[in-house]
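Reviewing the structure listed below.
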Amino acid sequence: MTTALPAPTTANPLHGAREQLAEACAILGYDQGMYQMLANARREVTVSIPLRRDNGTVELLTGHRVQHNFSRGPAKGGLRFSPAVDLDEVRALAMWMTWKCALLDVPYGGAKGGVQIDPRQYSTAELERVTRRYTSEISPIIGPERDIPAPDIGTDEQTMAWMMDTFSVAHGHTVTGIVTGKPISIGGSLGRPSATSRGVVHVALQALAHSGIPATRARAAVQGYGKVGRDAATFLDDAGVRVIAVSDQYGAVYASDGLDLKALRKHVDVTGQVPGFPGGEPLGGDDLLELDVDLLVPAAVESVIRADNAPRIRARVIVEGANGPTTPPADRILADNGVLVVPDILANAGGVIVSYFEWVQANQAYWWSADDVENRLADRMRTAWRRVLGHATANHLTLRTAATCLAVQCVAEAHKIRGLYP
């Protein structure tokens with residue numbers, strides 16, 4: 001086996017994703033040809049998005065859509081609005097989405113989209129124009145049977161409504177299955193907004209139990225108070241876990257006896273940020289990662305746990321709510337230190353599971369109850385946890401390596417069975 005590892009780095013998520021893939025290919029005995037097919041996207045589109053600002057000036061933005069794999073079904077993945085968006089980030093996120101879908105037995109391949117924009121600096125009307133132009137530009141390659149976008153950082157259900165409308169107008173009829181994460185009133189699924197957070201907590205509780213830590217005695221820190229972290233903190237609190245620290249991009253707060261999360265929600269709704277919350281002490285955002293806790297949930301962005309700070313991390317269990325928060329060098333340090341890391345492709349898969357449920361409901365024009373969605377989600381997450389844990393234990397692997405091997409094997413088998421054309 002001569003699979004080449006990518007050049008090491010702590011910053012580029014694509015290098016980290018390819019390093020994880022190379023390790024899995026080596027364990028599975030795949031040759032360089034298979035590695036190269038899985039390491040590179042099937043299709044990439046970069047588009048220019050001219051935006052007429054509210055003041056009449058014109059600004060040119062750049063957007064991407066990467067479709068990593070189609071072997072098991074249409075591509076699936078979020079749309080991110082962030083100033084940090086670049087093509088390598090989108091490529092990495094699309095690849096991780098492929099493994100996530102395969103691991104959870106969802107019949108999709110991975111995709112991802114992004115626009116390099118800070119949505120906080122634009123009006124709602126301007127964001128609508130950006131979304132509609134972006135959708136129009138990528139419309140030849142998306143569709144319910146081709147590629148189904150969903151919300152991600154900087155986007156929400158309103159963004160998905162604009163995407164659905166733009167695509168539908170161009171096709172002359174309403175196409176509810178073109179996106180997931182839509183508002184309920186136009187075909188969204190009950191339980192979708194909180195699905196990723198619920199999935200994180202389902203797995204976190206399993207990981208704590210596996211580690212011999214009762215939930216009611218556990219202390220947790222949640223890094224990132226956005227789409228995933230906000231609800232994850234609340235659901236952990238509901239399960240009896242004491243959440244002692246929470247952070248966002250502006251800073252963090254800490255309370256040794258546990259934060260009042262209902263009061264924190266109200267504070268963030270009013271002020272737009274975590275710092276300044278009167279029920280906790282100020283804390284540096286990076287310091288949160290190094291607190292002495294049982295459970296750490298990194299739920300913000302990629303590469304926050306690196307070789308330089310991994311030795312100082314004292315959490316016994318890390319459950320990755322974000323995509324790619326831990327770099328490969330940090331992974332090795334954490335494994336040597338006995339930290340149980342539940343990888344992103346398992347831990348945060350709740351979103352794509354309920355997105356799949358939403359897509360199925362749209363195709364059937366038949367809507368499920370909230371209990372149906374939650375019960376099916378819980379069953380999928382717990383089944384995947386047991387499968388990954390069993391494979392890791394039987395083969396003396398970390399949970400990440402076990403999960404990646406299971407996912408890569410699933411996709412590689414689909415490649416082999418379908419064959420190459422021509």
Side-chain angles (χ1 to χ4, degrees), residues 13-14 17-18 20-21 34-49 62-82 85-116 131 133-153 155 159-160 163-164 166-167 170-171 175 177-181 302 323-324 344-345 349 351-353 355-356 358-359 363 404 407-408 410-415 417-421:
L14 180 61
R18 286 176 170 168
Q20 293 164 1
L21 171 62
M34 179 61 77
Y35 167 77
Q36 290 294 343
M37 280 202 303
L38 297 176
N40 293 281
R42 292 286 295 274
R43 181 181 294 145
E44 299 178 351
V45 174
T46 296
V47 298
S48 294
I49 306 167
T62 299
H64 308 286
R65 188 72 184 174
V66 172
Q67 297 168 338
H68 175 256
N69 194 271
F70 307 112
S71 294
R72 300 182 60 255
K76 184 81 184 75
L79 168 63
R80 175 173 295 193
F81 283 3
S82 167
V85 163
D86 64 33
L87 190 52
D88 274 358
E89 177 191 56
V90 179
R91 287 165 171 160
L93 293 166
M95 185 187 301
W96 285 322
M97 194 67 174
T98 295
W99 311 145
K100 194 179 302 183
C101 292
L103 184 65
L104 275 294
D105 195 25
V106 174
Y108 293 139
K112 201 73 177 185
V115 177
Q116 193 175 72
T131 302
R133 184 59 182 257
Y134 172 80
T135 304
S136 177
E137 292 289 343
I138 68 166
S139 62
I141 65 167
I142 63 173
E145 297 175 346
R146 296 181 180 183
D147 180 359
I148 308 105
D152 195 73
I153 292 172
T155 58
T159 315
M160 295 302 104
M163 291 195 77
M164 182 187 116
T166 305
F167 187 88
H171 286 74
V175 186
I178 175 57
V179 294
T180 59
E302 309 93 56
N323 292 309
D344 47 2
I345 63 172
V352 73
I353 291 171
S355 279
Y356 168 58
E358 181 178 333
W359 181 73
N363 290 340
T404 305
V408 169
C410 180
V411 177
E413 287 177 357
H415 270 293
I417 290 169
R418 291 184 59 158
L420 291 178
Y421 175 83

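Here the CG atom belonging to Asn40 is positioned 8.0 Å from the OH atom belonging to Tyr35, to the nearest 0.5 angstrom. Here the straight-line distance linking atom CG of Leu104 with atom CD1 of Ile353 works out to 4.0 Å at 0.5 Å rounding. Leu14 contributes atom CG, which lies 8.5 Å from atom CH2 of Trp96 (distance to the nearest 0.5 angstrom). In this structure, the separation between CD1 on Ile138 and CG on Leu79 is 7.0 Å, given to the nearest 0.5 Å. One finds the OG1 atom of Thr404 at 12.0 Å from the NZ atom of Lys100 (value rounded to the nearest 0.5 Å).
The heavy-atom pair separating Val66 from Ala41 by the smallest distance is CG1-CB, 3.5 Å. When all heavy atoms of Phe70 and Ala75 are compared, the pair lying nearest together is CE2-CB, 4.0 Å. When all heavy atoms of Asn69 and Arg42 are compared, the pair lying nearest together is CA-CG, 4.1 Å. Nearest heavy atoms, Leu93 versus Glu302: CD2-OE2, 4.3 Å. Closest approach of Val85 and Gln116 over heavy atoms only: O-NE2, 2.8 Å. Closest approach of Ser71 and His415 over heavy atoms only: OG-CE1, 3.2 Å.
Between Glu44 and the choices Arg91, Gln67, His68, the side chain to side chain donor-acceptor pair (under 3.5 Å) rule is met once, by Arg91. Shown are Thr155, Val90, Ile153; of these, the side-chain contact (heavy atoms from CB on, under 4.5 Å) with Arg80 is made only by Ile153.
Here the side chains of Asn323 and Lys112 are in contact, with some heavy-atom distance below 4.5 Å. A heavy-atom distance below 4.5 Å is not found between the side chains of Tyr356 and Asp105. Side-chain contact between Ile148 and Tyr108 is present, with at least one heavy-atom pair separated by less than 4.5 Å. The shortest distance between side-chain heavy atoms of Thr166 and Tyr134 does not fall below 4.5 Å. Thr180 has its side chain within reach of Lys76: a pair of non-hydrogen atoms, C-beta onward, lies under 4.5 Å apart.
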ask   = Can you list the steps and then say if Glu89 with His64 is a side-chain contact (heavy atoms from CB on, under 4.5 Å)?
value = CA-CA 10 Å; Glu89 177 191 56; His64 308 286; over 6 Å; no
key: Residues Arg65, Val47; criterion side-chain contact (heavy atoms from CB on, under 4.5 Å); working and verdict   = CA-CA 9 Å; Arg65 188 72 184 174; Val47 298; over 6 Å; no
message = One pair to check against side-chain contact (heavy atoms from CB on, under 4.5 Å): Arg146 and Ile141. What are the steps and the verdict?
response = CA-CA 7 Å; Arg146 296 181 180 183; Ile141 65 167; 5.9 Å; no
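For Trp359 (side chain) and Pro144 (main-chain N/O), a donor-acceptor pair under 3.5 Å exists by modelled atom type. Looking only at distances, a side-chain donor or acceptor of Thr98 sits under 3.5 Å from a matching main-chain atom of Gly110. Checking side-chain atoms of Arg72 against main-chain N and O of Val106 turns up a donor-acceptor pair under 3.5 Å. Ser355 contributes no side-chain N or O that, together with a main-chain N or O of Val352, makes up a donor-acceptor pair within less than 3.5 Å.
Residues Arg43 and Asp147 are not paired through a salt bridge, judged by the lack of any N-O separation under 4.0 Å between the basic side chain and the carboxylate.
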